[in-house]
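To find a chain, count down the sequence lines: A is the first, B the second, and so on, and within it residues start at 1.
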Amino acid sequence: MSRYNFKETEAAWQALWAERRCFAAQEDARRPKYYVLEMFPYPSGRIHMGHVRNYTLGDVVARYKRAKGFNVLHPMGWDAFGLPAENAAMEKKVHPAKWTYDNIATMRAQLKSMGLSLDWEREIATCNPDYYRQQQAMFVDLFEAGLVYRKEASVNWDPVDRTVLANEQVIDGRGWRTGAIVERRKLSQWFFKITAYSEELLTGLQGLDRWPAKVRLMQENWIGRSEGARAFFGLAGRPDRLEIFTTRPDTLFGASFVAIAADHPLANEFGAGDPGLAAFLDECRKTAITAEAIETAEKKGYRTKLEVIHPFDGSWKLPVYVANFVLMEYCTGAIFGCPAHDQRDLDFARKYGLPVTPVVCPPGEDPGSFAIGDTAYLEDGRAINSRFLNGLDVAAAKRAAIQRLVELGVGEGTVHYRLRDWLVSRQRYWGCPIPMIHCEKCGIIPVAKEALPVTLPDDVSFDRPGNPLEHHPTWKQVACPRCGAPARRETDTLDTFVDSSWYFARFCSPKSERPFDPAAVDYWLPIDQYVGGVEHAILHLLYSRFFMRALSRIGLLQLDEPFAGLFTQGMVCHETFRDAAGNWLLPEQTKKTIDGAIVSTIDGSPVVVGRSEKMSKNRKNVVDPSVIIDAYGADTARWFMLSDSPPDRDLEWTTAGVEGAGKFAQRLWRLITERLSALPSAETPMPASIDARCEPLRRVTHKTIAGVTDDIEKFHFNKAVARLYEFVNVITEFVGTNGAQQAIPGCNWALREAFEALTRLIGPMMPHLAEELWRQLGHGQLVMETPWPEADRALTVDDSVTIAVQVNGKLRATIELPRDAAQSVAESAALAEDAVQRALAGKPPRKVIIVPNRIVNVVA
RNA sequence: GCGCACGUGGCGAAAUUGGUAGACGCAUUGGACUUAAAAUCCAAAGGUCGAAAGGCCAUGCCGGUUCGAGUCCGGCCGUGCGCACCA
């Protein structure tokens with residue numbers, strides 16, 4: 001029995017693909033293009049199973065589309081800047097650049113062993129000065145276009161990584177990488193003006209019909225559009241005014257107080273002359289901002305000595321509170337409270353004895369007697385107690401109130417977005433230097449384009465905490481480009497999410513002297529299919545959508561949406577193991593004893609098996625892809641990744657599953673290679689007449705072609721796998737299990753057809769095995785150069801159909817009928833069934849429902 | 001708290017979108033081959049009653065619509081994800 005030697009075979013085909021430059025892409029106006037991309041990896045050391053899944057999914061698409069005749073671009077690169085390199089530098093005394101490039105070399109070799117159809121000639125690394133030089137030029141252009149600015153703001157500070165973070169990188173009040181509770185710090189920082197595109201980024205989502213609805217919704221919520229009005233309340237006895245935002249301008253006559261944030265300028269001003277207020281402000285600032293803290297924190301206010309005047313009535317004064325639930329970060333940091341129609345305001349009013357005036361009357365209630373109890377009324381109704389608004393419904397009252405605000409010059413209708421500008425400066429070394437110079441005389445001056453790139457100095461030390469660029473003895477000393485006086489180079493570097501916001505466009509012309517070659521980006525963009533983890537639903541995917549718009553503004557390309565199709569894959573999970581002391585154990589440090597118990601291989605002690613979780617180094621529930629590829633081969637690892645679980649769901653890694661995949665590869669090998677001698681040659685045309693006994697096999701072949709094609713188009717790879725198993729089972733049954741002698745003698749041509757279809761259909765999933773089988777089948781051409789098989793429609797539709805027969809909705813029999821048989825034929829055939837008659841128990845059917853080619857339901 | 005998903009055998013999952021629930025795989029059990037094991041092949045298998053034929057019960061729970069519901073509607077329960085003092 002011959003065994004498939006995956007080790008030699010995989011290496012040989014990989015070498016041949018590389019030698020023939022099979023995956024090198026070139027623009028070709030005559031062919032339809034297809035750009036498929038997986039999110040590029042951070043070179044952390046070695047690839048993990050998440051990478052294997054991600055790149056396998058993308059590679060199936062790439063190879064399939066190539067076979068379908070598309071000109072496919074499928075590149076790979078490295079998201080190479082980032083903090084782990086600096087941490088490694090501190091711990092292992094190795095330079096971040098060396099650490100990073102060593103990791104890239106390791107991971108590149110690992111990826112190559114997977115047999116991915118990647119165009120390695122386009123490989124890029126974001127830490128390469130050739131790459132970040134372009135990014136620095138973009139930064140300067142964006143600065144000049146007003147899309148980059150520097151301002152002092154209250155920002156998120158991660159005390160562990162010792163850098164600021166963007167809003168998107170703070171999750172539940174904690175840094176996204178470190179998990180440390182972020183602090184608020186007032187710092188001068190660089191921002192990208194993503195808010196200039198709030199509306200566009202929101203409406204653009206509607207056109208992304210090949211994105212998961214979930215991701216679109218998340219971005220929609222993140223942008224957080226709310227329509228309402230801004231209104232000005234005059235400060236009693238002062239010339240200035242207080243600006244508030246509300247979504248309910250129709251309830252202005254129900255106002256009973258105004259509340260401002262503790263960080264509001266007015267709060268600070270009054271705190272100076274009011275020790276009680278000063279103490280309250282202190283208390284507010286100390287309150288943590290984690291989810292739990294917010295959940296439990298009591299809603300508190302402090303009544304200031306300030307009063308404001310109602311925008312609609314100069315004689316109506318309202319008290320001003322400082323309240324701990326009003327956020328300076330959101331909108332103007334000031335609200336008006338309408339207790340009758342907002343639950344939080346109601347609680348507040350009850351607590352501090354403020355009036356509760358209903359101004360919206362529910363339908364059916366008497367306006368004269370309607371009163372609010374413990375629950376605010378939030379629904380629609382008619383305006384009451386609201387002078388000129390009385391009688392209007394909520395929507396009309398909103399419009400009328402806004403109109404009056406405008407007439408009186410005390411406000412206007414407005415749209416507010418939750419999205420904040422993107423804070424991009426980081427106080428770290430291993431990132432793209434921000435090409436700016438601070439001159440005492442001239443201010444902030446961009447580095448001249450000719451002087452780019454501003455490269456990172458090599459001679460840095462990580463001996464003390466903080467930014468090594470800041471500590472460098474000479475690097476930041478520079479002459480002002482404008483006046484020549486001694487000036488200071490910007491020592492902040494860019495958020496690595498900037499690097500990843502345009503890498504996919506750089507792949508179109510990775511060696512261009514300009515950021516992009518216009519012909520190349522015109523040809524390849526947008527990306528037809530992007531594949532990656534859902535954890536980037538907001539961060540990377542939103543930033544990139546913004547960045548393409550910003551780059552279009554400065555004329556580098558013309559593109560709004562970079563990712564026409566998006567697929568978010570699930571995680572790779574594995575059981576977790578701990579020993580008696582609670583220490584995590586690697587899967588290979590555990591074994592199953594004869595009686596089924598799991599014990600440690602270190603000391604034989606019992607192991608506690610925990611629930612399956614995402615593979616992570618912390619929990620040690622990881623399996624090294626290289627170990628698997630060495631033991632089972634890349635094709636087997638890929639096949640397992642594709643079987644069983646739908647790609648968008650989490651996948652449970654099991655040794656048994658991988659072994660099953662390996663067995664299938666061997667089974668395929670035997671099935672085909674053991675019967676080669678019986679087959680007609682590869683060039684034999686279809687015989688003029690084919691033995692009727694071959695038809696069942698031919699039908700299954702063509703149905704499988706049609707089914708697998710449809711499954712791949714829809715990303716239902718697990719179903720494609722199941723279908724191929726079924727196909728193999730059918731072929732096996734057809735040929736018998738003891739070699740070729742049992743096959744129907746006249747059907748060798750049909751058998752070759754089945755084998756060839758099978759080989760081509762597994763090509764995207766198990767490319768090496770497919771190539772080898774294709775060669776064994778006598779083909780000189782590569783299977784990856786062979787067009788995708790076409791199903792013969794005449795063979796995918798059966799002449800007869802199995803119809804279910806129900807009595808009162810319960811299955812009683814099945815009948816075989818010619819396709820599209822007359823309803824009367826179906827009815828009499830159904831009624832002729834014994835089981836049907838038994839179920840009817842002699843009663844005549846009241847009604848017979850017939851769905852052609854599907855079902856007959858007899859109603860008794 | 002708000003929003004969005006999802007709940008199907010021992011396990012991963014299918015189910016042509018309202019029409020034969022459990023395809024396919026894993027694990028399991030029996031058998032063949034073998035001195036034996038591995039590998040391979042064949043077969044069984046949702047639960048339950050039954051010797052069998054066959055019946056009944058089964059898609060988280062409770063209702064509803066329908067000739068017919070895993071699929072649609074309403075209400076619970078549970079899990080996961082996102083956002084969260086959002087004005």
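Just one residue in the list A:F257, A:Y302, A:Y321 forms a ring pair (Phe, Tyr, Trp, His ring centres under 6.0 Å) with A:Y352, and that residue is A:Y321.
A:K214 places its NZ atom 9 Å from the P atom of B:rC81, with the value rounded to the nearest Å. Between A:F717 atom CZ and B:rA13 atom C1' the separation is 17 Å, expressed in whole Å. If you take CD of A:E652 and C1' of B:rG10, they are 14 Å apart, rounded to a whole angstrom. Spacing between atom OH of A:Y330 and atom C1' of B:rC83 amounts to 12 Å, rounded to whole angstrom units. Atom P of nucleotide B:rG12 and atom CZ of A:R53 are separated by 14 Å, given to the nearest angstrom. For the pair A:F664 CZ and B:rG12 P, the computed distance is 22 Å after rounding to whole Å. B:rC85 atom C1' lies 16 Å from atom CZ of A:F245, rounded to whole Å. Here B:rC83 presents its C1' atom at 14 Å from CG of A:L539, a figure rounded to the nearest Å.
Side-chain contact between A:N621 and A:E613 is present, with at least one heavy-atom pair separated by less than 4.5 Å. In this structure, A:V728 and A:F664 have side chains that are in contact, with non-hydrogen atoms separated by less than 4.5 Å.
Rounded to the nearest Å, the gap between the P atom of B:rA45 and that of B:rG22 is 12 Å. Comparing the C1' positions of B:rU79 and B:rA27 gives a spacing of 25 Å, expressed to the nearest Å. With both ends at atom P, the span from B:rU40 to B:rG25 equals 14 Å, rounded to whole Å. When the P atom is compared between B:rA13 and B:rU65, the two are found 34 Å apart, to the nearest whole Å. As rounded to the nearest Å, B:rA32 and B:rA53 have C1' atoms that lie 30 Å from one another. B:rU16 and B:rA52: their P atoms are spaced 34 Å apart (whole Å). With C1' as the reference atom, B:rC76 and B:rG30 are 45 Å apart, rounded to whole Å. B:rU59 and B:rG47: their P atoms are spaced 15 Å apart (whole Å).
At least one side-chain nitrogen or oxygen of A:R344 sits closer than 4.0 Å to the OP1 or OP2 atom of B:rC86. In this structure, A:R670 does not reach the B:rA39 phosphate: none of its side-chain N or O atoms is under 4.0 Å from OP1 or OP2. The shortest distance between the side-chain N/O atoms of A:R649 and the OP1/OP2 oxygens of B:rA5 is not below 4.0 Å. Dashed line: the shortest gap from a side-chain N or O of A:K810 to OP1 or OP2 of B:rC57 is under 4.0 Å.
With hydrogens and angles ignored, a donor-acceptor pair closer than 3.5 Å exists between the side chain of A:K299 and the base of B:rC85. The base of B:rC83 lies outside donor-acceptor range of the side chain of A:N221, with no N or O pair under 3.5 Å.
Residue contacts shown for A:T802 include a base, since a base heavy atom lies under 4.0 Å away. As judged by a 4.0 angstrom heavy-atom cut-off over every strand, A:R225 is placed among residues making no nucleic acid contact. As judged by a 4.0 angstrom heavy-atom cut-off over every strand, A:R838 is placed among residues touching the sugar-phosphate backbone only. If you check every strand for non-hydrogen atoms under 4.0 Å, A:V858 touches nothing. Contacts of A:I849 with the nucleic acid, taken as non-hydrogen atoms under 4.0 Å apart, include base atoms.
Figure legend. B:rA44 is base-paired to B:rU28; pairs are counted as Watson-Crick or G-U wobble with both atom distances under 3.5 Å. When Watson-Crick and G-U wobble pairs are counted only if both distances are under 3.5 Å, B:rU34 pairs with no nucleotide at all. Nucleotide B:rU17: unpaired (no Watson-Crick or G-U wobble partner with both distances less than 3.5 Å). In this entry B:rG3 has B:rC81 as its Watson-Crick or G-U wobble partner, both defining distances falling under 3.5 Å. Across the strands present, B:rG68 finds no partner; the criterion is a Watson-Crick or G-U wobble pair with both atom distances under 3.5 angstrom.
If you find the closest nucleotide of RNA chain B to A:Q806 and to A:S226, the one lying nearer the 5' end belongs to A:Q806.
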Please list each protein N or O that sits under 3.5 Å from an N or O in nucleotides 22-26 of chain B, with the distance.
unit_1 : atom_1 : unit_2 : atom_2 : d
B:rA23 : O2'    : A:E726 : OE2    : 3.0
B:rG25 : OP1    : A:N729 : ND2    : 3.3

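Between A:F325 and A:F348, the distance from one ring center to the other falls under 6.0 angstrom. Between A:F727 and A:Y725, the distance separating the two ring centers is not shorter than 6.0 angstrom.
Against the 90° criterion about 0, the sugar-base torsion of B:rU17 places it in the syn range. Base orientation at B:rG9 is syn, since its O4'-C1' glycosidic dihedral falls within 90° of 0.
Residue pairs that meet the ring pair (Phe, Tyr, Trp, His ring centres under 6.0 Å) test with at least one member in residues 326-347 of chain A, sequence neighbours left out, are A:Y330-A:H416.
Nearest to the side-chain atoms of A:I855 among the listed nucleotides B:rU20, B:rA87, B:rC42 stands B:rU20. Closest to the A:M218 side chain, of the nucleotides B:rG55, B:rG82, B:rC85, is B:rG82. Residue A:V326 has its side chain nearest to B:rA87 when only B:rG12, B:rA87, B:rC83 are considered. For A:L327, the side-chain atoms get nearest to B:rC86 when compared with the rest of B:rC83, B:rG3, B:rC86.
Note: A:H574 and A:F577 have perpendicular aromatic rings, judged against thresholds of 30 and 60 degrees for the angle between ring planes. Aromatic ring pairs are classed by plane angle as parallel below 30°, tilted from 30° to 60° and perpendicular above 60°; the pair A:H536 and A:H540 is perpendicular.
At a cut-off of 3.5 Å, with distance as the only test, a side-chain donor of A:S800 or A:E816 sits close to an acceptor on the other residue.
Counted within 6.0 Å of CD on A:E733, heavy atoms from surrounding residues, nucleotides or ligands total 12 or fewer; the atom is thus considered open.
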### Task
Check the pair A:W653, A:F640 against ring pair (Phe, Tyr, Trp, His ring centres under 6.0 Å), reporting the backbone distance first and the verdict last.
CA-CA 9 Å; A:W653 180 272; A:F640 173 66; 4.9 Å; yes

